[in-house]
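Inspection log for the structure reproduced underneath, given as structure tokens.
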Amino acid sequence: MRLRRLVTAALLAAAMAGSTAATSSAAPKNDPDENFLTDTKYDAVAFGMSRQQVEAVIGTRPHCSGTGAGGALVCWAKNQMVDQTASFTFDAADQLFRKEKDYAFAYAWYTYDLPRTMTKAQYEQQFAVGDTLAEVDTVVAGTACTDRWVERPAHPSSSGWKTMIQCTGTVDESYPEIEFFFTDGVLTNKTYSSRDDAR
């Protein structure tokens, strides 16, 4: 009987040790990106957040400038070119109303590997002022386009919200920059610029 108790105790001890070892090896590790901007963190920043809340989502200094002060909060990406940043702008009530990716940040993570297929003819024929954002999104889905900035000045109301979608066009036309501007979900302006146009 005593031997059975000793064996049972030994088995329990071994099981507990194994459980502890497994827990220890599975313990969460420090996030190497915790103090840098990533695409996931950019998406997690929501309109209406305070500067302090945005800083908490992204991480701490020195990877953001304008922390704890007025003006825009500018944050840098990790292991990317120096100029890859995004900015977050707050209103007088300290609520986020605009977020914007700079060109390098937007194209490094969001569209670099997506096809650059839009031609000038497609730009001219497939998109017109008055198109809805949903209609444009359907056409450009899966191509080298990204929302460069979004602005919600009347948040939480959706009235007056603006956004700009920027696309890189086909290589045959020297990778033109194509921009679509929307107000309240309706296309109000579009631009196309390419080095080919200057020839």
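Both backbone and side-chain heavy atoms feed into the values below; hydrogens, waters and symmetry mates do not.
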Seminar exercise, completed: The reported gap from CG in L133 to CZ in F180 (rounded to nearest 0.5 angstrom) is 11.0 Å
Problem set entry | Check: E135 and F127 side chains under 4.5 Å, non-hydrogen atoms | no
For this session: Kindly compute the distance separating CD (E55) from CE (M49), expressed to the nearest 0.5 Å.
Result: 12.0 Å
Seminar exercise, completed: Nearest heavy-atom contact between V140 and C167 is CG1-SG, 4.4 Å
Exercise. Minimum heavy-atom separation for L73 to F90, with atom names?
Worked result: CB-CE1, 4.0 Å
Exercise. Going from CZ on R152 to OG on S157, what distance comes out if it is rounded to the nearest 0.5 angstrom?
Worked result: 7.5 Å
For this session: Please name the pair of heavy atoms, one in V45 and one in V54, separated by the smallest distance, quoted to 0.1 Å.
Result: CG1-CG2, 3.8 Å
Seminar exercise, completed: Nearest heavy-atom contact between C75 and F88 is SG-CE1, 4.3 Å
Exercise. Going hydrophobic residue to hydrophobic residue with side-chain gaps under 4.5 angstrom, can you get from V139 over to I165?
Worked result: yes
Exercise. Are the side chain of K120 and the backbone N or O of E173 linked by a donor-acceptor pair below 3.5 Å?
Worked result: no
Exercise. How long is the gap from NZ on K99 to OG on S87, to the nearest 0.5 Å?
Worked result: 11.5 Å
For this session: Say whether, by atom type as modelled, one donor and one acceptor occur between the side chain of S50 and the main chain of D94 under 3.5 angstrom.
Result: no
Problem set entry | Atom of F182, atom of D131 and distance for their closest heavy-atom approach | CE2-O, 4.3 Å
Exercise. Closest approach of S159 and A154, non-hydrogen atoms and distance?
Worked result: O-CB, 3.5 Å
Exercise. Within the distance-only criterion (no hydrogens, no angle test), does the side chain of R51 pair as donor or acceptor with the backbone N or O of G71 below 3.5 angstrom?
Worked result: yes
Exercise. Does a sphere of radius 6.0 Å around NZ in K190 hold more than 12 heavy atoms from other residues, nucleotides or ligands, not counting ones at 6.0 Å or beyond?
Worked result: yes
Exercise. Are any of the side-chain heavy atoms of V150 and T163 separated by less than 4.5 Å?
Worked result: yes
Exercise. Are W149 and Y42 grouped together when hydrophobic residues (ILVMFWY) are joined by side-chain heavy atoms under 4.5 angstrom apart?
Worked result: no
For this session: Spell out, as yes or no, whether a donor-acceptor pair under 3.5 Å connects the side chain of D184 to the backbone of K162.
Result: no
For this session: Keeping the roles fixed (side chain from K101, backbone from D147), state whether a donor-acceptor pair exists under 3.5 Å.
Result: yes
Exercise. Any side-chain heavy atom of L37 sitting closer than 4.5 Å to one from W76?
Worked result: no
Problem set entry | Reported CD1-to-OG1 distance for the pair I178 and T191, which is rounded to 0.5 angstrom | 8.5 Å
Problem set entry | F47 side, atom CZ; Q95 side, atom CD - distance, nearest 0.5 Å | 12.0 Å
Problem set entry | Expected output: side-chain Y123 to main-chain E179 donor-acceptor under 3.5 Å | no
